[in-house]
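To start, the structure under review is shown below, and the notes come after it.
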Amino acid sequence: MIQKLPKSHNEIKKRIAIFPGSFDPFTLGHHTIIERALPLFDGIIIAIGDNKDKSSMWSPESRKESIEGLYVNDPRIKVIIYSGLTVKIAAEHGADFLLRGVRMIQDFEYEKNLAEVNRNLSGIETVLLYTLPEYSYISSSIVRELLKYHQDVSSLLPPGMILGTPKL
Ligand code: ADP
């Protein structure tokens, strides 16, 4: 079968991925996932989940500001705050892919179920990237825990990241 070629570049649909998460805060682990995923997509939307049932250390607005500061010079990256179904927000933003990261076997099982639920809901495909081993121990919860004890967390955050004032 001969496929119809697009008439112009404008007709080629952009490959947009949505990277949803709590990002409380956004860590070096998240940042490396973004950097490694950028060659795969035309654009990535970092979607901060505003989950009223889950307590967080930073407000969604503060998290958004910190992340935007990192990618201010990269027009391929957009940061949004959302609540509700991730697949719905993906569709609203024209994203055909969900981007997630996997650190260890526990993440894998959780991400596998999530990917299946989301595919069944809307047909969206999930792209999983395995974290580099040197970043696999980094998590938002470890950063929060260390901050409670006034420890330096700069090595766990993306270079140049400015954390807002915690709300707790
Ligand atoms: P959620 O509450 O949705 O799990 P997180 O902010 O904890 O949100 O994580 C968002 C995504 O980033 C998840 O897919 C998670 O597995 C991934 N992730 C978190 N930390 C790392 C890391 N160090 N390396 C790679 N991926 C990570």
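Numbers here are sequence positions counted from 1. All ligand and atom numbering here is 1-based and tracks the order in the structure. Excluded from the calculations below are hydrogen atoms, water molecules and symmetry mates; all remaining heavy atoms, backbone and side chain alike, are included.
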Which residues pass the side-chain contact (heavy atoms from CB on, under 4.5 Å) test with I142, sequence neighbours left out?
S139, L146, L156

I'd like the residue list for ligand 1, meaning every protein residue with a non-hydrogen atom under 4.0 Å from the ligand.
F19, P20, G21, S22, F23, G29, H30, I33, K54, R100, G101, R103, D107, E111, T131, Y135, I138

Between E109 and K112, does any side-chain N to carboxylate O distance fall below 4.0 Å?
no

Does either side chain, that of S56 or that of K167, offer a donor lying less than 3.5 Å from an acceptor on the other one?
yes

Which Ile, Leu, Val, Met, Phe, Trp or Tyr residues join L98 in one cluster when any pair of side-chain heavy atoms under 4.5 Å counts as a link?
I16, I18, I45, I80, Y82, L85, V87, I89, V117, L121, I124

Decide, yes or no, whether a salt bridge links K54 with D24 under the criterion of side-chain N to carboxylate O below 4.0 Å.
no

Each residue besides V102 in its hydrophobic cluster should be listed here, by chain and number; the cluster joins Ile, Leu, Val, Met, Phe, Trp and Tyr at side-chain heavy-atom distances under 4.5 Å.
F108, L128, Y130

